[in-house]
Amino acid sequence: MKGTKIINCTVASGVLFLILLSANPTMAQPPIRDPHTPGYVPATELPDGAIPSPNTSGNFIIGPTHDPVPESSVQANVPQGTIYRFTMDSKDSKIYPGIAREPNTFGTPDPANPAKLIVTTSHPAPYTRQVAVYVPKQYVAGSEAPFIVGADGPDNLLFTVLDNLIAEGKVPPMIAISIGNGSGDAQGSERGLEYDTMSGVYAEFVENEVLPLVESKCQVKLTKDPAGRATMGGSSGGSCALIMAWYHPEWYHRVLTWSGTYINQQWPWNPETPHGAWGFHDNIIPKSRRKPLRIWMEVGDQDLFNPNVMRDDMHDWVFANENMAKVLAAKGYQYQFVFARNARHVDYKVKTQTLPEALEWLWKDYHPAKVKQ
């Protein structure tokens with residue numbers, strides 16, 4: 001990354017697995033959804049090329065053009081943060097020793113329950129994951145810093161945007177911890193186990209196994225204040241971001257997602273949350289007391305629709321995100337929801353257009369807790 005100092009704590013390598021269609025490569029292109037479809041949330045349609053203000057909440061429609069905003073590119077004379085990189089090995093994890101699903105296999109719906117997928121080809125398997133940590137130039141050694149944890153790392157765009165937003169005073173100087181997944185995708189894989197499981201386990205993995213390494217390897221201190229901690233991700237990494245904060249609101253109050261997988265993809269099946277992350281908008285959020293969360297979400301008009309063998313009516317990413325906006329509004333959450341025209345699943349061009357505004361909105365009400373330095 002131009003202008004950014006790179007420090008390798010260990011040799012790092014890894015591959016991102018973000019394509020949910022691998023189990024069904026012949027699937028037809030998802031239909032183009034109309035944001036004004038009956039049943040979708042009422043939303044403000046912005047002029048093409050415009051994005052919502054970071055001072056407003058609610059529902060917005062953007063596109064069809066998605067040009068990157070200036071903050072998504074390296075800017076001259078802007079202080080550049082330092083990127084530390086290290087790897088984590090499955091043999092060193094007490095929480096995730098590693099699994100994998102055999103190549104070219106998926107699973108079959110349970111004949112007695114179409115919402116339950118039977119996977120027989122998953123087995124223990126080792127992995128390594130890459131972790132990239134961005135420390136802004138403005139970080140004061142020895143001080144406690146706010147931070148954001150991102151899935152499917154490393155995310156160089158995030159680091160560039162933070163350089164620019166911090167320099168402009170639009171977000172606080174924060175550390176970004178971009179964590180690679182444990183490989184694979186969806187049910188039966190390590191990534192699926194980490195990101196799609198409806199529990200606090202992944203947040204506990206980050207808290208107990210990742211953050212201590214970040215502090216020791218990068219010589220930083222991370223805040224314990226949940227208002228100074230955020231999560232972010234796309235696809236299953238997006239639903240994981242909300243899962244982290246939902247099950248551990250004492251750790252995280254801020255959530256940022258693109259094309260969040262708020263659908264039925266949890267495995268192993270759990271009778272307590274039988275619909276996986278679809279349950280967030282189906283019953284969990286509506287039936288739960290409001291939590292101190294601030295949530296930014298995006299979905300594309302050509303986002304995923306039934307990408308596998310399950311036909312349980314719980315695999316429409318657009319409908320799921322629309323329902324999320326609806327239940328968040330009903331419960332009085334602070335949220336901003338962006339429906340992007342001419343956009344596919346975790347569309348990178350949309351991210352280059354929206355990430356700076358999303359981060360600014362996410363941290364708008366942040367007031368750091370007074371801590372001893």
Side-chain angles (χ1 to χ4, degrees), residues 1-20 22 80-101 124-136 139 145 147-163 174-186 189-197 201-220 222 229-241 243-244 256-258 346 348 351 355:
M1 200 166 66
K2 180 181 178 182
T4 300
K5 179 181 175 184
I6 306 294
I7 294 179
N8 287 300
C9 299
T10 63
V11 176
S13 64
V15 179
L16 296 183
F17 294 85
L18 291 173
I19 302 176
L20 295 177
S22 58
Q80 305 292 313
T82 299
I83 312 299
Y84 298 81
R85 300 185 188 273
F86 59 89
T87 57
M88 299 180 67
D89 196 293
S90 55
K91 66 180 175 57
D92 299 320
S93 177
K94 296 180 180 179
I95 297 176
Y96 291 124
I99 63 169
R101 190 180 65 244
Y127 65 82
T128 58
R129 76 173 81 240
Q130 185 181 79
V131 180
V133 181
Y134 163 90
V135 180
Y139 175 68
F147 65 91
I148 185 166
V149 173
D152 291 316
D155 188 345
N156 290 329
L157 176 62
L158 172 63
F159 306 153
T160 295
V161 170
L162 286 176
D163 275 338
M174 75 181 76
I175 291 166
I177 304 162
S178 194
I179 306 170
N181 63 70
S183 78
D185 188 50
S189 73
E190 180 63 33
R191 180 177 184 264
L193 179 66
E194 294 169 8
Y195 291 176
D196 295 318
T197 300
V201 173
Y202 184 76
E204 291 153 19
F205 162 72
V206 172
E207 192 73 17
N208 297 316
E209 297 191 5
V210 180
L211 300 189
L213 286 177
V214 170
E215 290 191 318
S216 64
K217 289 180 177 293
C218 307
Q219 297 298 298
V220 295
L222 303 172
R229 291 165 156 229
T231 60
M232 69 174 284
S235 191
S236 288
S239 53
C240 174
I243 290 168
M244 290 176 70
L256 188 62
T257 78
W258 283 266
V346 195
Y348 187 74
K351 190 174 178 181
L355 177 57

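On a predicted model such as this, the values are computed, not experimentally measured, just so you know.
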(request) May I have the step-by-step check of side-chain contact (heavy atoms from CB on, under 4.5 Å) for Trp258 and Met232, ending in yes or no? (result) CA-CA 8 Å; Trp258 283 266; Met232 69 174 284; 3.6 Å; yes
(message) Determine whether Tyr84 and Thr82 satisfy the following criterion, side-chain contact (heavy atoms from CB on, under 4.5 Å), listing intermediate values before the conclusion.
(response) CA-CA 7 Å; Tyr84 298 81; Thr82 299; 3.7 Å; yes
(request) Begin from the C-alpha positions of Arg191 and Ser236 and carry the test side-chain contact (heavy atoms from CB on, under 4.5 Å) through to its verdict. (result) CA-CA 8 Å; Arg191 180 177 184 264; Ser236 288; 3.8 Å; yes
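Distance CD/Gln130 to OG1/Thr87: 8.0 Å, rounded to 0.5 Å. To the nearest 0.5 Å, atom CG of residue Asp152 and atom OG of residue Ser235 are 7.5 Å apart. To the nearest 0.5 Å, atoms OG (Ser239) and CG (Asp196) are separated by 5.0 Å. Note that OG1 of Thr231 and CG of Leu256 are 8.0 Å apart. Values are rounded to the nearest 0.5 Å. Expressed to the nearest 0.5 Å, how far CG of Asn181 lies from OG of Ser189 amounts to 8.0 Å. The CG atom of Leu213 sits 5.0 Å away from the CZ atom of Phe86 when rounded to the nearest 0.5 Å.
Side-chain atoms of Asp163 come within 3.5 Å of backbone atoms of Gly81 as a donor-acceptor pair (strictly under, hydrogens ignored). Checked by atom type and distance alone, the side chain of Glu209 pairs as donor or acceptor with a backbone atom of Lys94 at under 3.5 Å. Put simply, the side chain of Ser93 gets close to the backbone of Ile95: a donor and an acceptor are under 3.5 Å apart. In this structure a side-chain-to-backbone donor-acceptor pair under 3.5 Å is missing from Thr197 to Glu194. Remark: the backbone N or O of Pro154 is not paired with any side-chain donor or acceptor of Arg85 at under 3.5 angstrom.
Under the salt bridge (Lys or Arg N to Asp or Glu O under 4.0 Å) criterion, Asp155 pairs with Lys351, not counting sequence neighbours. Judged as a side-chain hydrogen bond (donor to acceptor under 3.5 Å, both in side chains), and not counting sequence neighbours, the contacts of Thr257 are Tyr262. In terms of the side-chain hydrogen bond (donor to acceptor under 3.5 Å, both in side chains) criterion, Ser90 has no residue partners (sequence neighbours excluded). Qualifying side chain to side chain contact (heavy atoms under 4.5 Å, CB included) partners for Asp89, counting only residues two or more places apart in sequence or in other chains: Lys91, Asp92, Thr128. Every residue two or more places apart in sequence or in another chain was checked for a salt bridge (Lys or Arg N to Asp or Glu O under 4.0 Å) with Glu190, and none qualifies. Shown here are the side-chain hydrogen bond (donor to acceptor under 3.5 Å, both in side chains) partners of Glu204, two or more places apart in sequence or in another chain: His248. Residues that satisfy the side chain to side chain contact (heavy atoms under 4.5 Å, CB included) test with Ile179, not counting sequence neighbours, are Arg129, Val131, Val149, Ile177, Tyr202, Val206, Val210. Listed by chain and number, the residues in a side-chain hydrogen bond (donor to acceptor under 3.5 Å, both in side chains) with Glu215 amount to none (sequence neighbours excluded). Among residues two or more places apart in sequence or in another chain, the side chain to side chain contact (heavy atoms under 4.5 Å, CB included) test is passed with Ala151 by Tyr195. Applying the ring-ring contact (aromatic ring centres under 6.0 Å, His included) test to Tyr96 and every residue at least two apart in sequence or in another chain returns Phe205.
Side-chain atoms of Val133 and Ile83, non-hydrogen and from C-beta on, never get closer than 4.5 Å to each other. In this structure, Arg229 and Glu207 have side chains that are in contact, with non-hydrogen atoms separated by less than 4.5 Å.
Across every non-hydrogen atom of Tyr127 and Ser183, the tightest pair is CB-OG, 4.4 Å. The minimum heavy-atom distance linking Leu162 with Ala176 is given by the pair CD1-CB, 3.6 Å.
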